[in-house]
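Read the numbers this way: they start at 1 and go in the same order the structure lists the ligands and their atoms.
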Amino acid sequence: MKYQANSTALSQSTDCIIIGIYENNELTKSFNEIDQITKGYLSQLAQSQDLSGKIGQATLLHSLPNLATKRVLVAGCGKKGETTERQFKQIIQRVTQTLKELNIQQAINNLTDVEIKDRDLFWNVRFTVETIEHSLYQFDEFKSKKADAISLQEIVFNTDDSQAQQAIAEAQAIANGVKAARNIANMPPNICTPSYLVEQAKNLAETSTALSLDVIDEEDMTKLGMNAYLAVSRGSQNPAYMSILHFNNAPDKNAKPIVLVGKGLTFDAGGISLKPAADMDEMKYDMCGAASILGTMKAIAELNLPLNVIGVLAGCENLPDGNAYRPGDILTTMNGLTVEVLNTDAEGRLVLCDALTYVERFEPQYVIDVATLTGACVVALGQHNSGLVSTDDVLAEQLLQAAQQTTDKAWRLPLSEEYQEQLKSPFADLANIGGRWGGAITAGAFLSNFTKKYTWAHLDIAGTAWLQGANKGATGRPVSLLTQFLINQTK
Ligand code: BES
Ligand code: MN
Ligand code: ZN
């Protein structure tokens with residue numbers, strides 16, 4: 001899809017002009033403009049209550065007098081000055097759906113003049129592009145009958161604001177990253193194995209000279225003493241791989257990197273502590289952390305951000321077989337701490353603790369890990385906010401700010417010393433679970449034992465990485481949050 005921004009005379013011909021109308025018949029700028037061209041035709045319709053300003057309504061008008069463009073799509077934008085971000089998203093989704101159904105190829109979008117509370121034009125344009133791309137996504141790789149091709153080819157934003165171009169560029173890069181993450185995550189687990197994640201990382205590395213890839217296999221892990229990671233992998237026939245994507249693009253090539261680590265459990269059956277059958281298929285999404293890191297690396301490479309960033313995809317599979325690790329096993333992690341396994345389904349932290357130790361060698365400025373780590377996080381925060389745990393207030397604040405900017409929401413959970421108590425083991429330095437209460441926090445507390453050499457934050461995306469039900473599928477979160485965080489680092 002092509003996006004452009006330039007101020008456009010609405011008298012010129014295109015397939016469709018999109019304009020907004022508020023409730024109580026308050027009019028937008030573009031509405032007035034078309035009303036003038038059509039000599040009051042629109043305001044007549046509005047007066048006779050034939051146009052709805054309600055959110056989510058879209059009225060298609062055809063062959064208006066004096067207007068070269070045949071179609072005008074009038075989108076309800078709610079009460080003037082009160083349109084919220086969420087409502088704006090609904091508006092864009094509805095408009096996109098309508099354009100798709102009508103097989104429209106080119107449209108001029110005037111919803112740039114909709115005022116969204118606390119947001120500027122840059123945000124309006126960026127959010128619109130991201131939302132359109134998100135709405136048009138379809139995953140039909142395994143359907144015999146493919147979805148119809150989408151006719152829509154070009155959207156012109158009617159604005160001469162110079163920021164709009166930059167907003168479009170950022171949005172397209174983020175949307176491409178989100179799409180890549182969704183595609184990998186939606187893949188079935190018989191195809192998306194740890195080695196498949198390596199293939200994806202390889203493909204990405206080939207797209208930019210600033211990117212390069214290192215792969216750590218099980219032999220390397222054995223030499224490195226990554227015994228917790230290896231223990232999780234033992235019950236699976238698919239070997240584990242850790243992909244390390246280097247994006248070396250800071251003006252100072254030796255500048256300390258920001259390291260992103262993603263949990264990449266391509267399937268999590270729970271191991272010997274086997275999960276119940278219901279919804280177990282959804283554990284193919286247990287690699288969404290890794291997918292989001294890959295998507296973020298793609299986005300920042302496309303944006304050519306002047307940063308050094310390292311993305312780690314910690315690929316692994318958790319299955320029960322005769323060789324699988326057991327409850328009761330004591331593992332010696334890469335940093336020397338011993339862990340008593342009390343539940344083999346708390347495997348994410350075991351894979352991550354060794355990955356987090358491994359990345360010490362990069363002398364990172366920051367390390368952020370992203371993981372579908374705990375069901376407890378979903379209980380605590382629901383499916384709208386990712387859980388944030390951090391030992392550093394400044395980094396935490398920066399991540400929350402990026403979340404706020406993108407509406408890829410996150411909420412910080414407390415991490416204080418008391419929680420460590422829950423991880424005590426009579427036999428080892430740590431237990432891998434912390435009991436019934438505060439499970440998302442004790443998981444973070446567990447990880448914090450392995451992150452003492454650098455500034456660290458953890459995002460638990462168990463509730464936000466995919467949707468269930470009718471719209472089942474990966475969301476691509478938190479690619480948008482992470483990319484925004486990295487964009488902010490360049491300023
Ligand atoms: N991948 C799961 C977490 C998960 C569960 C994410 C459901 C999304 C939906 C993780 O490996 C896991 O199984 N965690 C356990 C931890 C428990 C054994 C302490 C959980 O949350 O039940
Ligand atoms: Mn698990
Ligand atoms: Zn898991």
Side-chain angles (χ1 to χ4, degrees), residues 185 189 192 194 197 228-229 231-236 238 240 261-292 313-320 324-329 339-355 369-387 389 413 419 422-425 430-447 458-469 472-475 477-478:
C192 180
L197 291 181
Y229 196 142
V232 175
S233 180
R234 258 180 28 207
S236 168
N238 295 315
V261 180
K263 172 177 173 182
L265 264 288
T266 59
F267 192 72
D268 174 17
I272 297 295
S273 313
L274 191 64
K275 286 183 182 296
D279 299 330
M280 205 207 269
D281 66 288
E282 291 184 17
M283 282 300 114
K284 74 171 184 178
Y285 289 121
D286 212 19
M287 38 59 73
C288 281
S292 76
L313 319 182
C316 193
E317 187 173 41
N318 187 23
L319 292 179
Y325 79 134
R326 325 155 184 78
D329 284 1
V339 178
E340 183 185 17
V341 177
L342 295 180
N343 190 319
T344 62
D345 198 11
E347 85 299 336
R349 63 198 76 183
L350 297 174
V351 168
L352 286 175
C353 73
D354 280 344
D369 79 74
V370 183
T372 48
L373 204 61
T374 65
C377 188
V378 196
V379 174
L381 296 177
Q383 297 180 303
H384 307 295
N385 277 272
S386 300
V389 169
L413 301 169
Y419 294 97
Q422 287 173 246
L423 294 167
K424 284 202 165 140
S425 156
L430 286 166
N432 82 325
I433 56 172
R436 193 162 155 71
W437 312 120
I441 302 171
T442 51
F446 179 91
L447 295 178
H458 156 70
L459 284 167
D460 193 331
I461 58 165
T464 54
W466 73 93
L467 300 176
Q468 300 168 308
K472 186 168 179 176
T475 59
R477 291 178 67 180

Can you report which non-hydrogen protein atom sits closest to [atom], along with the distance?
atom                    : result
atom 15 (C) of ligand 1 : Asp345 O, 4.0 Å
atom 16 (C) of ligand 1 : Arg349 NH2, 3.9 Å
atom 10 (C) of ligand 1 : Leu373 O, 3.3 Å
atom 18 (C) of ligand 1 : Asn343 ND2, 3.5 Å

Counting only heavy atoms closer than 4.0 Å, does ligand 1 sit against the backbone of [X], its side chain, both, or neither?
X      : answer
Asn318 : neither
Glu282 : neither
Asp268 : side chain
Lys263 : side chain

Let me confirm one number: the [atom1]-[atom2] distance from [X] to [Y], rounded to the nearest 0.5 Å.
X      : Y      : atom1 : atom2 : value
Leu459 : Arg477 : CG    : CZ    : 10.0 Å
Met283 : Thr372 : CE    : OG1   : 6.5 Å
Phe446 : His458 : CZ    : NE2   : 12.0 Å

I need the single residue from [options] that forms a side-chain contact (heavy atoms from CB on, under 4.5 Å) with [X]. Which is it?
X      : options                        : value
Pro327 : Thr344, Asn343, Leu342, Asp345 : Thr344
Arg349 : Thr374, Val232, Asp369         : Thr374
Gln383 : Leu467, Thr464, Thr475, Val378 : Val378

Within-cut-off N or O pair, [X] and ligand 1, under 3.5 Å:
X      : value
Gly375 : yes
Trp466 : no
Thr374 : no
Thr372 : yes

Got a sec: is Gly348 within less than 2.8 Å of the Zn ion (ligand 3) via an N/O/S atom?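 No, since none of the N, O or S atoms of Gly348 sits under 2.8 Å from the Zn ion (ligand 3).
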Under 3.5 Å: donor-acceptor pair, side chain of [X], backbone of [Y]:
X      : Y      : answer
Asp460 : Leu373 : yes
Ser292 : Gly289 : yes
Glu317 : Pro189 : no
Asp354 : Tyr229 : yes
Ser236 : Ser233 : no

Are Asp268 and Lys275 side-chain neighbours, meaning at least one heavy-atom pair lies under 4.5 Å?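 The answer is yes; the side chains approach within 4.5 Å.
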Leu265 and Val351, any side-chain heavy atoms less than 4.5 Å apart: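 A side-chain contact under 4.5 Å exists here.
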Looking at atom 1 (N) of ligand 1, is any protein heavy atom nearer than 4.0 Å to it?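 Given the 4.0 Å cut-off, atom 1 (N) of ligand 1 counts as touching protein heavy atoms.
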In terms of atom number and element, which parts of ligand 1 are under 4.0 angstrom from non-hydrogen atoms of [X]?
X      : value
Met283 : 1 (N), 4 (C), 5 (C), 6 (C), 7 (C), 8 (C), 9 (C)
Glu347 : 11 (O)
Ala462 : 6 (C), 8 (C)
Ile433 : 19 (C)

May I ask you to check if any N/O/S atom from Asp286 comes under 2.8 Å of the Mn ion (ligand 2)?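 No, outside the cut-off.
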About how large, to 10 degrees, is the angle OD2 of Asp268, then the Zn ion (ligand 3), then OE2 of Glu347?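 Output for this angle: 90°, rounded to tens.
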Atom name in Asp286, limited to N/O/S, at shortest distance from the Zn ion (ligand 3):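 For Asp286, the N, O or S atom at the smallest distance from the Zn ion (ligand 3) is OD2.
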Among the N, O or S atoms that Asp268 has, which is closest to the Mn ion (ligand 2)?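 This turns out to be OD2.
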Closest N/O/S atom of Glu347 to the Mn ion (ligand 2), by atom name?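 Result for Glu347 and the Mn ion (ligand 2): OE1.
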Flag the pair Lys263 and Asp286 as a salt bridge only when some basic side-chain nitrogen lies within less than 4.0 angstrom of an acidic carboxylate oxygen.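 Salt bridge flag = yes for Asp286 with Lys263.
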